[in-house]
Number of protein chains: 2
Amino acid sequence: MTADHVFTALASPARRELLRLLLDEGAQPAGRLAERFDMSRPSVSEHLKVLKDAGLVAESRRGRERHYRLEAAPLMDLRDWLSPYEHFWRDRLARLSDLMDEMEDDDA
Amino acid sequence: MTADHVFTALASPARRELLRLLLDEGAQPAGRLAERFDMSRPSVSEHLKVLKDAGLVAESRRGRERHYRLEAAPLMDLRDWLSPYEHFWRDRLARLSDLMDEMEDDDA
DNA sequence: TTGATGAGTAGGAAATTTCCTACATATAGT
DNA sequence: ACTATATGTAGGAAATTTCCTACTCATCAA
């Protein structure tokens with residue numbers, strides 16, 4: 001459930017693909033998700049566990065199926081982590097823009 | 001330089017700490033960065049290499065020192081990756097808000 | 001109650017990551 | 001030229017991750 005869990009969970013392409021499927025197609029049982037992968041069903045199950053431990057998916061049992069759904073909240077924490085870097089980026093762009101303005105002045 | 005490299009680079013706490021140092025304190029030589037860590041200098045050097053391969057830092061040689069600076073551009077790609085999940089999140093909040101409005105109507 | 005189905009767990013092999021201690025390379029100062 | 005400094009690279013040990021094949025557990029359907 002920590003930030004570290006989230007970064008670790010996102011490091012795997014398979015797990016990012018799982019999130020994408022849940023985003024685009026909504027909640028689904030584990031087996032239906034596993035069909036989409038070239039890997040064995042138990043492996044997908046373990047990836048789902050990593051995502052669950054990171055709080056990125058939640059499961060609800062329906063009969064013998066387990067439906068997994070996307071939980072976006074931890075990704076909003078990631079957005080917060082990102083925001084100071086975004087400011088840094090914006091400042092850099094602004095400075096670049098100022099510089100280009102000065103160059104235009106020189107031309108004139 | 002791919003998205004995969006970026007996610008992988010961010011998976012390590014040491015590498016995230018390096019990015020934070022470069023953000024908060026600006027460009028620095030490798031040695032000064034390494035001082036801040038409990039790990040050996042060569043290990044920090046390898047982490048810097050992973051960050052460089054992901055395009056998250058750039059180096060410039062000054063005499064025998066190598067100054068590393070933050071490159072935020074790949075993080076902006078990460079923000080783009082994040083945005084559909086942010087929409088998902090907003091929609092969910094909006095629906096929750098509607099639901100609460102309905103409950104108020106029921107009370108009245 | 002029995003057989004089939006959906007899905008997690010166990011145990012382990014292979015690959016990858018992390019970290020270390022030498023060592024190599026390049027530059028600065030004397 | 002010689003020494004010290006800043007830093008990357010090599011090679012390898014230990015830990016972790018990934019993925020597999022059995023196997024177990026729970027539920028559904030007859």
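Computed from a prediction, not measured in an experiment: that's the story for all the values here. Chain letters run A, B, ... following the sequence lines, proteins first, then strands; residues in each count from 1.
- What separates NE2 of B:H5 from P of C:dT16 is a distance of 14 Å, to the nearest Å.
- With distances taken from any side-chain atom of A:S43 to the nucleotides D:dT7, C:dC19, D:dC19, the minimum falls on D:dC19.
- Among the nucleotides C:dC19, C:dG6, D:dG8, the one closest to the side chain of B:H47 is C:dC19.
- The separation between A:D4 atom CG and C:dT18 atom P is 11 Å, rounded to whole Å.
- Hydrophobic clustering, with ILVMFWY side chains joined whenever heavy atoms are under 4.5 angstrom apart, keeps A:F7 apart from B:V50.
- Separating the CZ atom of B:R61 from the C1' atom of D:dT7 is a distance of 10 Å, rounded to the nearest angstrom.
- The nearest whole Å value for the distance from the CZ atom in A:R66 to the C1' atom in C:dT9 is 11 Å.
- The two residues A:M39 and A:V44 come nearest to each other via the heavy atoms CG-CG2, 3.7 Å.
- Toward the 5′ end of DNA chain C lies the nearest nucleotide of A:E59, the other residue of the pair A:E59 and A:E46 mapping further downstream.
- What separates CD of B:E65 from P of D:dT5 is a distance of 13 Å, to the nearest Å.
- Within the 4.0 Å cut-off from OP1 or OP2 of C:dA7, not a single side-chain nitrogen or oxygen of A:S45 is found.
- Using a 4.0 Å heavy-atom distance criterion, B:Y68 is classed as a sugar-phosphate-only contact.
- Considering CG of A:L51 and CD of A:E71, their distance stands at 12.0 Å, rounded to 0.5 Å.
- The shortest distance between the side-chain N/O atoms of A:S40 and the OP1/OP2 oxygens of D:dC19 is not below 4.0 Å.
- As a whole-Å value, the separation of A:R41 CZ from D:dC23 P is 15 Å.
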Polar-atom pairs under 3.5 Å, protein N or O versus N or O of nucleotides 24-29 of chain D: list them with distances, or write none.
residue: D:dT27; atom: O2; partner: A:R64; partner atom: NH1; Å: 3.4

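- Nucleic acid contact for A:P42: base, since at least one base atom lies under 4.0 Å from a heavy atom of the residue.
- With A:F88 as the partner, the side-chain contact (heavy atoms from CB on, under 4.5 Å) test is satisfied by one option alone out of B:D24, B:L75, B:L22, B:L23: B:L23.
- Taking atom CZ of A:R16 as the reference point, atom C1' of D:dT18 lies 15 Å away to the nearest angstrom.
- Using a 4.0 Å cut-off between charged side-chain N and carboxylate O, B:E17 and B:R20 make a salt bridge.
- B:R15 comes within 4.0 angstrom of sugar-phosphate atoms only, judged by non-hydrogen atoms across all strands, and of no base.
- Listed here is the closest heavy atom pair of B:A30 and B:L48: CB-CD1, 4.1 Å.
- A pairwise comparison of heavy atoms in A:A54 and A:V6 identifies O-CG2, 3.7 Å as the closest pair.
- Counting to the nearest Å, the P atom of C:dG8 and the NE2 atom of A:H67 are 12 Å from each other.
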